[in-house]
Protein chains: 2
Amino acid sequence: MPDQLSQVFAALADPTRRDIVARLTLADATVGELAEPYDVSTQAVSKHLKVLEAAGLVSRSREAQRRPVHLEAEVFDLMTAWIERYRRQAEERYARLDALLTEMNVETSTDTTRDGEAS
Amino acid sequence: MPDQLSQVFAALADPTRRDIVARLTLADATVGELAEPYDVSTQAVSKHLKVLEAAGLVSRSREAQRRPVHLEAEVFDLMTAWIERYRRQAEERYARLDALLTEMNVETSTDTTRDGEAS
DNA sequence: CACTTCCTAAACCAGTTGGTTGACTACAAC
DNA sequence: GTTGTAGTCAACCAACTGGTTTAGGAAGTG
C-alpha cells in the first residue's frame with residue numbers, strides 16, 4: 001500500500017486509464033459503457049477501475065446490477081500541488097542563477113559554474 | 001516505448017524518483033550525491049535516472065568522470081496541461097449539473113436522479 | 001422458478017520493474 | 001604504468017502488471 005500520490009501517478013501512467021478518466025469528466029458511466037470502446041474484456045476494464053478506485057480517482061455506487069463509476073476530481077489537486085511546488089522551486093533557482101550571472105557580468109554559457117571557476 | 005506522458009507519470013509514481021526530482025529543483029547533482037541519502041546501491045539510482053531520462057525529466061552531461069544530472073522542468077507542463085484540461089472539463093460538467101438542478105428547484109441530494117426513482 | 005444482464009473473483013501467463021551482485025569503462029592522480 | 005574514483009552494463013531474482021479464461025454473485029425479467 002504505497003502512498004496515494006504514488007498510486008495516482010501510477011494509475012494515470014496507463015493510457016487506457018487516462019482515457020477512462022477523461023471520459024468520466026463528461027459523465028458518470030457504467031463498466032460496460034466504459035469498456036465498449038476498447039478492444040479488451042470487461043474484466044480488464046474492471047481491473048483498471050479497481051486501480052483508479054484504490055488511487056481515489058473514482059468511486060463506485062450501486063444501482064440495480066449496474067455499478068456507475070464517478071470521477072473524484074479533487075484528487076487532481078494532490079498532483080498539481082506536488083508539481084507546482086517543485087516547478088516553482090526550480091523556477092526560483094533558475095532566477096537566482098540568472099541574477100548571479102548577470103551580477104557577475106558573465107554571459108549565460110553552458111559551462112558548470114559550480115566551483116573554482118570564479119577565482 | 002510508450003508515449004511520453006505515460007513515461008512521465010510512471011517515472012513520478014516512484015517515491016525515490018520523486019525525491020530525486022525534488023532535490024534536483026535545488027541544484028544539479030552527480031549520481032553519487034543523489035544516491036547518498038538512500039539505502040540502495042548507486043546502480044539502483046543509476047537505473048532510476050535512466051527512467052527519468054527516458055521520460056525527458058532529466059538530462060546528463062559529462063564532466064571528467066562525473067555525470068551531472070540536470071532537471072528538465074519544462075516537462076512538468078506536459079502533465080499540468082493534461083490535468084488542467086480534464087479538471088476544467090469536470091468542473092464545467094458539475095457547474096452545468098448544478099445549474100440544471102437549481103433550475104428544476106430540486107435540492108442537491110445523493111440519490112441517482114437517473115430514472116424510475118421519482119414515481 | 002429459470003434465465004439473462006452486469007459485473008467481480010480467481011487462477012494463470014508473459015512481460016516489466018526495482019532491487020541485488022559482479023565485472024567493466026572512463027578519467028585522474030600518483 | 002598502477003591505483004583510486006565515478007559510473008554503467010549484464011545477469012539474475014522476486015514482485016507486480018495488464019491481459020486472458022473460467023467461474024460465480026447479484027439483481028432485474030419471463
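These values consider heavy atoms only, across backbone and side chains, with no hydrogens, waters or symmetry-generated copies. Note on naming: letters A, B, ... go to the chains in the order of the sequence lines (proteins, then strands), and numbering restarts at 1 for each one.
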Between N or O atoms, less than 3.5 Å apart, protein on one side and nucleotides 3-9 of chain C on the other: list the pairs.
| from | atom 1 | to | atom 2 | distance (Å) |
| --- | --- | --- | --- | --- |
| dC7(C) | OP1 | Val31(A) | N | 3.3 |
| dC7(C) | OP1 | Arg67(A) | N | 3.4 |
| dC7(C) | OP2 | Gly32(A) | N | 2.7 |
| dT8(C) | OP1 | Arg60(A) | NH2 | 2.7 |
| dT8(C) | OP2 | Ser46(A) | OG | 2.4 |

Which protein N or O atoms sit under 3.5 Å from an N or O of nucleotides 15-19 of chain D?
| from | atom 1 | to | atom 2 | distance (Å) |
| --- | --- | --- | --- | --- |
| dG18(D) | OP1 | Arg17(A) | NH2 | 3.1 |
| dG18(D) | OP2 | Arg17(A) | NH1 | 3.2 |
| dG19(D) | OP2 | His48(A) | NE2 | 2.3 |
| dG19(D) | N7 | Lys47(A) | NZ | 2.9 |
| dG19(D) | O6 | Lys47(A) | NZ | 2.2 |

For residues 40-49 of chain B, the side-chain hydrogen bond (donor to acceptor under 3.5 Å, both in side chains) pairs (sequence neighbours left out) are Arg17(B)-His48(B)
Checking Asp19(B) now: which residues fulfil salt bridge (charged side-chain N to carboxylate O under 4.0 Å, His left out) with it, not counting sequence neighbours?
none
Exam field: side chain Arg87(A) to backbone Ala73(B), donor-acceptor pair closer than 3.5 Å
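No, because the side chain of Arg87(A) does not come within donor-acceptor range (under 3.5 Å) of the backbone of Ala73(B).
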N/O donor-acceptor pair under 3.5 Å between Arg18(B) side chain and Leu12(B) backbone
yes
Contacts of Glu92(B) meeting side-chain hydrogen bond (donor to acceptor under 3.5 Å, both in side chains) (sequence neighbours excluded), chain-then-number -> none
For Phe76(A), what residues pass the ring-ring contact (aromatic ring centres under 6.0 Å, His included) criterion, not counting sequence neighbours?
none
Is Arg60(B) paired with Asp28(B) through a side-chain N to carboxylate O contact shorter than 4.0 Å?
no
